[in-house]
Q: 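Could you have a look at this structure, given as structure tokens, before my questions?
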Amino acid sequence: MQWFSKSRSSKGGVGEGKEPIGGDANQPRLAVAHFMLGNTYPFTEQDWMKTFDLAEDTALDGLALNIGPEEWQLAQACTAYRLLSASNHTLKLFLSLDLMVLPKDPELLVGKIVKIVQSGQSAQLKWDKKILLSTFGGHDLGDDGWREVLSGFKNALGEKVFFIPSFFLPPEEILKKDYVDGAYHWNGAWPMDNSTTTLDSDRPFLDHKKPYMASVSPLFFTHYGTEGEWAFNKNWIYRSDDLLLPRRFSQLLSLPPDKSPQMIQAISWNDFGESHYIGPILGAQPGSESWTEGMDHEGFRLITKYYIQQWKTQMSGTDSSSGRKDGATLGTKEEKGRLIVWYRTQSRDMVIAEDRVGKPDHAEWAQDLLNFFIVLPESKYSTKDHYNLHVQNAGEPVKPYLLNVGVPNLIHIHFKLGEVFFKVMKNNEEVVIEGEGKDIAQGGRWNYNMWTGVYDAK
């Protein structure tokens, strides 16, 4: 069987009657996640329903189904639409045509889109009462090719289409195309150099009148060589260690309502090959087991949920120095305190001889950091008390960090090889949260993926 892989050249639900119209700060906002059909070969109907349940729990409005050329991907997409349309979920679906691997054939693309949407039309996500359609790449289909696709789709279904592609072109070239209704900026999710994340590459889209879908992601690491079944020749990282996911969310949430993106897409729900999955490992993996085994990402899912809830309620979830109040739920039954920790379990400077695939490109961009996201809701914790984070790494205590009540506390600490322990203390007397992380070790294959842990208050 074949599996989808993105080319390295890529570098460089709202239900009926509730559709937002775009460009209006008072309209609902959409939050979606990129979903790889290429990893669903063994999916059962139960797997789809589990996915819908968890995506809805994450406060997502929809999943963007990335579709490649295989017939079984088409069959799985039809199954997803059929099942969701027959369920009581509020979650919706839309297609992201992967033009890095799909044939550049307008007639074929129209046939594929129409077949899937007709499998369960009520499951289709819409914007401005139009069917939402996206891509990964595809500008090389040409303007005439895309006009043919969009008109063919519209004629076959009798509905208008809202086209929001991710073309890898300069922003002004994308936005000036008359058939492009909005823009999705895939590479905005990560810094493209050795720096912290900023909104600089988002600005041309944010300043334009067309609706904008911004991207967020917890990390990026892919590790494919040039030999064997998975010879995709993709082996690099983007800088991800220094609180990338909450920083990116916080920057987007800090924007005024009339300057904010209308949509946010999380990259990704289940792209195991690029390590940025926020959902559970379910289905099949494209040869990525060596860097995903034991690397649970539930922490990333819960951070995503937290910020999406804030974004939808127009409340900014920035770091503890901002003084802004906590407006989102933690996802715990009684709204207790929560600590989420994430980090790589190897040092970037590790010496290794057990990997036929070389050290990833940009490995020097990695930061050896423990990352913490800690929230103590005002409903449970008094601002009159003092709370501190205590960390012990490699047998050595780290200077305690003072925590604020009612806001996200974002903290990163340099790590060393060895064990990792942490606890939140109240007035230096009572343990509120405590846990043991995954050891930071030497040896094995290169792995720049991250482990996350979730710890709730007692």
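Values in this document were obtained by computation on a predicted structure and should not be read as measured data.
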Q: Taking atom OG1 of T135 and atom CG of L141, what is their separation to the nearest 0.5 Å?
A: 10.0 Å
Q: Please determine whether a side-chain nitrogen of the Lys or Arg among K426 and D385 lies less than 4.0 Å from a carboxylate oxygen of the Asp or Glu.
A: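 So K426 pairs with D385 through a salt bridge.
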Q: Could you measure the distance from the CZ atom of R445 to the CD atom of Q346? Nearest 0.5 Å is fine.
A: 10.5 Å
Q: Where do L132 and K92 land on the side chain to side chain contact (heavy atoms under 4.5 Å, CB included) test, with the steps shown first?
A: CA-CA 10 Å; L132 195 66; K92 302 294 180 182; over 6 Å; no
Q: If the condition is side-chain hydrogen bond (donor to acceptor under 3.5 Å, both in side chains), which residues does R239 pass it with, not counting sequence neighbours?
A: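 N194, D242.
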Q: Test of understanding: with side-chain hydrogen bond (donor to acceptor under 3.5 Å, both in side chains), list the residues that count as partners of W446, not counting sequence neighbours.
A: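 side-chain hydrogen bond (donor to acceptor under 3.5 Å, both in side chains) check on W446 returns nothing, list empty.
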Q: Mind running side chain to side chain donor-acceptor pair (under 3.5 Å) on Y238 and N187 for me, showing each step along the way?
A: CA-CA 10 Å; Y238 293 138; N187 281 338; 4.6 Å; no
Q: Name the one of W186, F94, W269 that satisfies ring-ring contact (aromatic ring centres under 6.0 Å, His included) with H34?
A: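 The ring-ring contact (aromatic ring centres under 6.0 Å, His included) with H34 is passed solely by W186 among W186, F94, W269.
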Q: How close do S215 and R248 get, counting heavy atoms only, and between which atoms?
A: O-NE, 2.7 Å
Q: Check this for me, if you would: do K160 and D128 make a salt bridge, where the nitrogen-to-carboxylate-oxygen distance has to be below 4.0 angstrom?
A: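 Result for this pair is no, no salt bridge flagged.
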Q: Does a side-chain heavy-atom distance below 4.5 Å link V341 with V420?
A: no
Q: Report yes if some heavy atom in the side chain of N449 is under 4.5 Å from a heavy atom in the side chain of Y277; otherwise report no.
A: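 Yes - at least one pair of side-chain heavy atoms lies under 4.5 Å apart.
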Q: On a heavy-atom basis, which atom in L37 and which in T40 lie closest, and how many Å separate them?
A: O-OG1, 2.6 Å
Q: Could you go step by step and tell me if Y401 and F372 meet the ring-ring contact (aromatic ring centres under 6.0 Å, His included) rule?
A: CA-CA 11 Å; Y401 283 78; F372 291 91; 8.3 Å; no
Q: Do you know which two heavy atoms are closest between T304 and A266, and how far apart they sit?
A: CG2-CB, 4.4 Å
Q: Report yes or no: does T452 contribute a side-chain atom to a donor-acceptor pair with the main-chain N or O of G299 at less than 3.5 Å?
A: yes
Q: Between H297 (side chain only) and M450 (backbone N and O only), is there a donor and an acceptor less than 3.5 Å apart?
A: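 Yes; at least one donor-acceptor contact below 3.5 Å.
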Q: Measuring centre to centre across the rings, with the benzene-like ring taken for any Trp, is Y41 within less than 6.0 Å of W72?
A: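 So the answer is yes for these two rings.
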Q: Is M213 close to V32 at the side-chain level, that is, under 4.5 Å between some pair of heavy atoms?
A: yes
Q: Determine whether the aromatic ring centres of residues F373 and Y306 are separated by less than 6.0 angstrom.
A: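 So the answer is yes for these two rings.
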Q: Between V101 and G68, what is the shortest heavy-atom contact and its length?
A: CG2-CA, 4.0 Å
Q: Given 3.5 Å as the limit, does a donor-acceptor pair link the side chain of H89 with the main chain of L84, or not?
A: no
Q: Going by side chain to side chain donor-acceptor pair (under 3.5 Å), Y81 matches just one of Q76, Q121, K115, Q124. Which one?
A: Q124
Q: Do L369 and L243 make a side-chain contact, defined as non-hydrogen atoms from C-beta onward lying under 4.5 Å apart?
A: no
Q: Decide yes or no on side chain to side chain donor-acceptor pair (under 3.5 Å) for H412 and D241, but give the supporting numbers first.
A: CA-CA 9 Å; H412 57 70; D241 300 278; over 6 Å; no
Q: Please lay out, stage by stage, how E430 and K458 fare under the test salt bridge (Lys or Arg N to Asp or Glu O under 4.0 Å).
A: CA-CA 11 Å; E430 179 185 344; K458 299 178 179 179; over 6 Å; no
Q: Can any side-chain N or O of K305 pair as donor or acceptor with the backbone N or O of D57 at less than 3.5 Å?
A: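 Between the backbone of D57 and the side chain of K305 there is a qualifying donor-acceptor contact (under 3.5 Å).
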Q: Would you call the rings of Y448 and F221 parallel, tilted or perpendicular, taking 30° and 60° as the class edges?
A: tilted
Q: Do W48 and F43 have ring centroids that are under 6.0 Å from one another?
A: yes
Q: Return yes when atom CD of E436 has more than 12 non-hydrogen atoms of other residues, nucleotides or ligands closer than 6.0 Å, and no otherwise.
A: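 For E436, atom CD is crowded (more than 12 foreign heavy atoms under 6.0 Å).
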Q: V114 and F153: side chain to side chain contact (heavy atoms under 4.5 Å, CB included), yes or no, with the steps?
A: CA-CA 7 Å; V114 170; F153 186 17; 4.0 Å; yes
Q: Checking side chain to side chain donor-acceptor pair (under 3.5 Å) for the pair T292/Q285: CA distance, chi angles, key distance, verdict?
A: CA-CA 9 Å; T292 61; Q285 294 199 56; 2.6 Å; yes
Q: Evaluate the side chain to side chain contact (heavy atoms under 4.5 Å, CB included) criterion for residues Y212 and S260: first the C-alpha distance (whole Å), next the side-chain angles of each, then the deciding distance (0.1 Å), finally the verdict.
A: CA-CA 8 Å; Y212 175 48; S260 178; over 6 Å; no
Q: Between F249 and Y307, what is the ring plane arrangement, given parallel below 30°, perpendicular above 60°, and tilted in between?
A: parallel
Q: Once rounded to the nearest 0.5 Å, what's the spacing between atom NZ of K130 and atom CD of E159?
A: 12.0 Å
Q: Specify whether F220 and H276 have parallel, tilted or perpendicular ring planes, treating 30° as the upper limit for parallel and 60° as the lower limit for perpendicular.
A: tilted
Q: Please assess I308 against I264 for the test side chain to side chain contact (heavy atoms under 4.5 Å, CB included), listing each intermediate value before the final yes or no.
A: CA-CA 9 Å; I308 286 175; I264 289 179; 5.7 Å; no
Q: Return the orientation label for the Y381 and Y387 ring planes: parallel under 30°, perpendicular over 60°, tilted otherwise.
A: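 Ring orientation of Y381 relative to Y387: perpendicular.
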Q: Give a yes or no on whether Q118 atom CD has more than 12 heavy-atom contacts from other residues, nucleotides or ligands under 6.0 Å away.
A: yes
Q: Which pair of non-hydrogen atoms, one from L219 and one from S240, has the smallest distance, and what is that distance?
A: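 Nearest pair, atom of L219 first, then S240: CA-OG, 3.2 Å.
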Q: Pair S290, H223 - check side chain to side chain donor-acceptor pair (under 3.5 Å), show working.
A: CA-CA 9 Å; S290 68; H223 193 52; over 6 Å; no
Q: Quick one: does V424's side chain get under 4.5 Å of E434's, heavy atoms only?
A: no
Q: Quick one: CG on L63 to CG on L95, what's the gap to the nearest 0.5 Å?
A: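 L63 CG to L95 CG: 11.5 Å, rounded to 0.5 Å.
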Q: Where do I67 and A77 come nearest, in terms of heavy atoms and distance?
A: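 Heavy-atom minimum between the residues: CD1-CB, 4.4 Å.
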Q: With under 30° as parallel and over 60° as perpendicular, where do the rings of F168 and F136 fit, or are they tilted in between?
A: perpendicular
Q: Quick one: do R344 and D368 make a salt bridge, cutoff under 4.0 Å?
A: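 Salt bridge: yes.
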Q: Not counting sequence neighbours, which residues clear salt bridge (Lys or Arg N to Asp or Glu O under 4.0 Å) with R203? List them please.
A: none
